[in-house]
Amino acid sequence: MIDAKWLRERPEALRQALTDKGVSVDVDALVRMDQERREIIITVDALKQQRNEISKAVGERKRQGENADDLIARTGDLIEEIKALDTRLKELEADFEQTLLTVPNPAHPSVPVGQDPSENPVVRTWGEPLEATDFPLKNHLELGEALGLFDFARGTKITGTGFPLYTGAGAKLERALINFMLDMHTQKHGYTEVFPPFLVNRTSLTTTGQLPKMEEDMYLAQVDDLFLIPTAEVPVTNIHQDEIIPEKELPLRYTAYSACFRREAGSYGKETHGFLRVHQFNKVEMVKFVRPETSYDELETLRRDAEDVLEALNLPYRVLELVTGDLSFAAAKCYDLELWAPGEKRWLEVSSCSNFEDFQARRGNIRYKPRTGEKPHYLHTLNGSGVATARLLVAILENNQQPDGSIQVPEALVSYFGAETISADDA
RNA sequence: GGAGAGAUGGCCGAGCGGCUGAAGGCGCACGCUUGGAAAGCGUGUAUAGGCAACCCCUAUCCAGGGUUCGAAUCCCUGUCUCUCCGCCA
């Protein structure tokens, strides 16, 4: 949620920022609501003051055994008026709040203005994308099915399309990846591991920004009005919902494995085969709660921590900085990490590292208490995938394939996986 | 799912319809004390909104309604937590 101060002090800047983000919001209507709201508050507070003074005087008299009927008689109109104004104020504030929740987070000034994902500048490339070899490169589906790593047909039978069933070495490889990443973040990068609920309520989704606008993208368990998480960002960010954290405890860094569920409504078609776009996938997520002054440094180290995973697995990747129009609803700045998949001959997004500044903190009422004893302030939240498998698995298979169709397991993964290769003989 | 108990500040915990934004304790911050520390002593310490304003005003004792001139305190509804029983990985 944006700070309502924007509306009073810099409505023009807000309008421009929202245009850059490619969203149209009726800023004038918000400004009007805010003004009317404040006018009513001024009036009704003054009336309440009068009422309180009279009540106090009544109490004074009663204590001395005197009659106070004349004073009580004076409150009649006052009370009616207060009731009416309070009712109107309440409606107005609810309306204002609801509207404010639909306003996206403006981008940080450093973010390049642009509309289309194709405009996202590449800020870094690591490793050599594998283009040509002396044998024909297969894609992950061909490799995996031959090796019995997964079974899409049966996954579809069990649930429907986009719900992968991992089998044998594939299941183990997936588990190895998750453990490898969690260990790296906890042992090397200083994160605290958590294992969150996979179902969340509406309040939690409002904090992180999926609600109220993206309800259609999620799976809903209707009877209990709970949603399957699209990312561990949701439960983990809400760990500190409605809390005031002492400054000395910041930064807080969490890492969590979770399955992620996304309906991906409207994205059927090509580019969705195999693991490229599925409804359920596994992801190790990193979430940070930090002091505002440090959040952009923390974004860089967050990205570094995600890159570390890819480098340890020796996978070529590139980093994109998202232009204003490609930023998500809640993000002020975001980097995407993409792995090269030689079998698919394309880059696959495996991580998004974002700074939300105080946008989520304001929605979830997450604050910190400064050392100096000042009043609590909203802190800044960040999160990044560290990283999303399914696509990570795709890249590992395609980058480490051998002429005979077997897979060389990346060295860093061997101790987790328990073997150096995956071949058809093992199956 | 059935029965009962409860929800007060960062935490614990008191609270008669008015003088209670809320006793007391803990914690925390600062100061005194000390060679240094502990102990001890003193002072301070909720949040939000309005306002130029740390003065002031308004609101907040789970949430929403109600009674009343006045509600943490009385009434109704809801939510959540705990205990016991049932079911269950």
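Just so it is clear: chains get the letters A, B, ... in the order the sequence lines come, proteins before strands, and each one is counted from 1.
- Between A:Phe198 and A:Phe195, the ring planes lie parallel to each other; the angle is under 30°, not in the 30° to 60° tilted range.
- For B:A48, the OP1/OP2 oxygens have a side-chain nitrogen or oxygen of A:Arg367 closer than 4.0 Å.
- Comparing B:G31 with B:U83, their C1' atoms sit 47 Å apart, to the nearest whole Å.
- Both distances falling under 3.5 Å, in either a Watson-Crick or a G-U wobble arrangement, place B:G31 opposite B:C41.
- Straight-line distance between the C1' atoms of B:G49 and B:G42: roughly 35 Å, to the nearest whole Å.
- The P atoms of B:G9 and B:A14 are separated by 13 Å, rounded to the nearest whole Å.
- Under the Watson-Crick or G-U wobble criterion, with both distances below 3.5 Å, B:C74 is paired with B:G66.
- Nucleotides B:G13 and B:C88 have their P atoms positioned 36 Å apart, rounded to a whole Å.
- Searching all strands for a Watson-Crick or G-U wobble partner of B:G21 with both distances below 3.5 Å returns nothing.
- Ring-plane geometry between A:Phe275 and A:Phe150 is classed as perpendicular, the angle between the planes exceeding 60 degrees on a 0 to 90 degree scale with a lower cut at 30.
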Per-nucleotide protein contact string for nucleotides 68-80 of chain B (B base, S sugar-phosphate only, - none; heavy atom under 4.0 Å): -BS----------
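- Separating the CZ atom of A:Phe96 from the C1' atom of B:G49 is a distance of 12 Å, rounded to the nearest angstrom.
- Taking atom CG of A:Asp45 as the reference point, atom C1' of B:U60 lies 13 Å away to the nearest angstrom.
- At the heavy-atom level, A:Pro246 lies nowhere under 4.0 Å from the strands shown.
- Atom-to-atom, NZ of A:Lys48 to C1' of B:U60 comes out at 11 Å; the value is rounded to the nearest Å.
- Under 4.0 Å is where a charged nitrogen must lie from a carboxylate oxygen, and between A:Asp28 and A:Arg32 no such pair does.
- The partner of B:C61 is absent, by the rule that a Watson-Crick or G-U pair needs both atom distances under 3.5 Å.
- Using Watson-Crick or G-U wobble geometry with both donor-acceptor distances under 3.5 Å, B:G1 finds its partner in B:C85.
- In this structure, the CD atom of A:Glu60 is 19 Å from the P atom of B:G17, given to the nearest Å.
- Remark: A:Glu36 engages A:Arg88 in a salt bridge, criterion side-chain N to carboxylate O under 4.0 Å.
- Here the side chain of A:Arg61 pairs a donor or acceptor atom with the backbone of A:Asn67 at under 3.5 angstrom.
- Taking atom C1' on both B:C74 and B:U68, the two are 10 Å apart, rounded to the nearest angstrom.
- In this structure, B:C16 forms no base pair with any nucleotide, since neither Watson-Crick nor G-U wobble geometry is met with both distances under 3.5 Å.
- Between B:G24 and B:G35, the distance separating the two C1' atoms is 37 Å to the nearest Å.
- A donor-acceptor pair is defined here as one N or O able to donate and one able to accept, closer than 3.5 Å; such a pair exists between the side chain of A:Gln401 and the backbone of A:Lys138.
- Checked by atom type and distance alone, the side chain of A:Asn105 pairs as donor or acceptor with a backbone atom of A:Phe356 at under 3.5 Å.
- Aromatic ring pairs are classed by plane angle as parallel below 30°, tilted from 30° to 60° and perpendicular above 60°; the pair A:Phe163 and A:His279 is tilted.
- For the C1' atoms, the distance from B:C82 to B:C75 is 25 Å, rounded to whole Å.
- Here B:G49 presents its P atom at 18 Å from CD of A:Gln35, a figure rounded to the nearest Å.
- Base pairing of B:G10: its partner is B:C26, meeting the Watson-Crick or G-U wobble criterion (both donor-acceptor distances under 3.5 Å).
- As a whole-Å value, the separation of A:Asp242 CG from B:A63 P is 12 Å.
- No contact: A:Arg61 has no heavy atom under 4.0 Å from any strand.
- With A:Asn355 contributing its side chain and A:Ala332 its backbone, the two residues share no donor-acceptor pair below 3.5 Å.
- Base-pair partner of B:C56: B:G50 (Watson-Crick or G-U wobble, both distances under 3.5 Å).
- For the pair A:Arg8 and A:Gln49, nearest-nucleotide mapping onto RNA chain B gives the more 5' position to A:Arg8.
- A:Arg38 has a side-chain polar atom (N or O) that falls below the 4.0 Å cut-off from OP1 or OP2 of B:C51.
- Per the geometry, CD1 belonging to A:Ile244 stands 8 Å off C1' belonging to B:A46, to the nearest Å.
- Taking atom C1' in both B:U20 and B:A29, the straight-line distance is 26 Å, to the nearest Å.
- Remark: C1' of B:C11 and NZ of A:Lys369 are 15 Å apart, rounded to the nearest angstrom.
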